[in-house]
Amino acid sequence: MPLYEVTHAAHLSPVQKDALAGAITDLHANRFSVPRWYITVVFTDASVQTTYIGGRQRLTNRITARVRNGSTRSREAFNEHCSDINDAWCRIVHPDLPTSKLPPRELELAAIFITGELLAGMKVGFPVPAAGAEMVWSEFHFGSFKERAALGDEDFVDFVAELEKKPGFSRRADD
């Protein structure tokens, strides 16, 4: 259940935030074959936050991700993921700037950090599955997910619909 924290000194419009959250969600879901509902993206305005780089005060933009590490998730895959996130940032935050020029410091994505250890966790009352076990976990809890959807939880309405479209997803017999 990855958590992406986008800490930005650059002014990001609601449209840019929507686009970045969508891009990060799509990139993670597609690369690691997990449902979109697992992915959380949080934006924090850091325009008044004091940050130092090399002992000098700077306004910076960074993305920090906390993900579940697993044997199917290589360092190379995460490095590609960082590159894809950086490309999305450039495309969304400063789309008119040629790639041959440095962006203004206030628009540059200064860092992307991905950490990969989650000892335990819960998401809306459900224990977090191990990396790579998401579909088995989803099949096991599918009945409960459907109950939440039936009660009007929009997140679970979307989640159940996404699971039902996943190739190879099988509902438990008690559904």
Side-chain angles (χ1 to χ4, degrees), residues 1-8 10 12-44 46 60-95 97 99 103 107-124 126-142 144-145 148-149 153-171:
M1 307 282 182
L3 171 63
Y4 287 84
E5 295 179 271
V6 179
T7 306
H8 59 96
L12 298 178
S13 71
V15 170
Q16 288 173 312
K17 289 179 185 179
D18 288 350
L20 281 167
I24 290 168
T25 299
D26 289 343
L27 288 167
H28 191 99
N30 293 333
R31 175 163 278 115
F32 300 113
S33 300
V34 298
R36 295 170 53 82
W37 176 78
Y38 290 3
I39 302 150
T40 300
V41 180
V42 177
F43 289 84
T44 301
T60 65
N61 304 294
R62 68 185 173 279
I63 297 175
T64 305
R66 291 167 184 84
V67 302
R68 292 164 303 131
N69 209 2
S71 61
T72 61
R73 297 175 179 189
S74 69
R75 182 176 185 87
E76 292 78 22
F78 281 115
N79 282 332
E80 289 174 16
H81 191 54
C82 287
S83 181
D84 290 344
I85 290 171
N86 191 69
D87 291 347
W89 175 276
C90 294
R91 185 177 66 252
I92 294 164
V93 176
H94 48 81
L97 187 70
T99 56
L107 296 181
E108 181 178 34
L109 182 56
I112 301 171
F113 300 116
I114 298 179
T115 60
E117 190 61 40
L118 179 66
L119 298 177
M122 293 192 87
K123 187 163 181 175
V124 291
F126 295 98
V128 173
E134 294 89 359
M135 295 317 291
V136 171
W137 177 85
S138 295
E139 290 169 354
F140 181 80
H141 293 290
F142 189 69
S144 296
F145 298 160
R148 284 192 68 128
D153 186 322
E154 293 177 20
D155 292 334
F156 279 89
V157 170
D158 294 343
F159 184 35
V160 166
E162 182 180 358
L163 287 173
E164 288 177 331
K165 293 177 188 170
K166 283 236 178 250
F169 181 78
S170 62
R171 292 165 209 81

* If you take all heavy atoms of Trp137 and Pro127, which pair is closest and at what distance? -> NE1-O, 2.7 Å

* Asked: Which of parallel (below 30°), tilted (30 to 60°) and perpendicular (above 60°) describes Phe145 and Phe126?
  -> perpendicular

* Structure fact -> d(Ser74 OG, Asn79 CG) to nearest 0.5 Å is 8.5 Å

* To do: Could you check whether the rings of His28 and Phe32 sit parallel, tilted or perpendicular, using 30° and 60° as the cut-offs?
  => tilted

* Asked: Rounded to the nearest 0.5 Å, how far apart are OG1 of Thr40 and CZ of Arg66?
  -> 12.0 Å

* Between atom CG of Leu163 and atom OG of Ser138, what is the distance when rounded to the nearest 0.5 Å? -> 5.0 Å

* **Test: Glu134 and Arg68 ion pair at under 4.0 Å** => yes

* **Derivation and outcome, side chain to side chain contact (heavy atoms under 4.5 Å, CB included), residues Glu5 and Phe113** => CA-CA 10 Å; Glu5 295 179 271; Phe113 300 116; over 6 Å; no

* To do: To the nearest 0.5 angstrom, please state how far the SG atom of Cys90 sits from the CG atom of Leu109.
  => 7.5 Å

* Structure fact -> CD (Gln16) and CD1 (Ile92) are apart, to the nearest 0.5 Å, by 8.0 Å

* Which pair of non-hydrogen atoms, one from Pro2 and one from Val67, has the smallest distance, and what is that distance? -> CB-CG1, 3.8 Å

* Sidechain-backbone polar pair: Trp89 side chain, Leu107 backbone, donor-acceptor under 3.5 Å -> yes

* Do the side chain of Lys123 and the main chain of Trp37 share a donor and acceptor less than 3.5 angstrom apart? -> yes

* Residue of the set Val42, Ile24, Asn61, Thr44 for which side-chain contact (heavy atoms from CB on, under 4.5 Å) holds with Val6 -> Ile24

* Asked: What are the two closest non-hydrogen atoms of Val160 and Ala149, and how far apart are they?
  -> CG2-CB, 4.2 Å

* **Inter-residue atom distance Asp26.CG - Arg31.CZ, 0.5 Å rounding** => 12.0 Å

* Would you check, one step at a time, whether the test side chain to side chain contact (heavy atoms under 4.5 Å, CB included) holds for Val93 with His8? => CA-CA 11 Å; Val93 176; His8 59 96; over 6 Å; no

* Before giving the answer on side chain to side chain contact (heavy atoms under 4.5 Å, CB included), spell out for Val41 and Leu20 the whole-Å C-alpha distance, their side-chain angles and the decisive distance to 0.1 Å. => CA-CA 9 Å; Val41 180; Leu20 281 167; over 6 Å; no

* CA sep, side-chain torsions, deciding dist, call: Ile112, Asn86, side chain to side chain contact (heavy atoms under 4.5 Å, CB included) -> CA-CA 8 Å; Ile112 301 171; Asn86 191 69; 4.0 Å; yes

* To do: Provide the closest heavy-atom pair for Ala23 versus Arg91 in the form atom of the first, atom of the second, distance.
  => CB-NH2, 4.3 Å

* For Pro129 and Ala133, work out which heavy atoms get closest and say how close. => CB-O, 4.2 Å

* Asked: Leu12 and Lys17: which non-hydrogen atoms are nearest, and at how many Å?
  -> O-CE, 3.6 Å

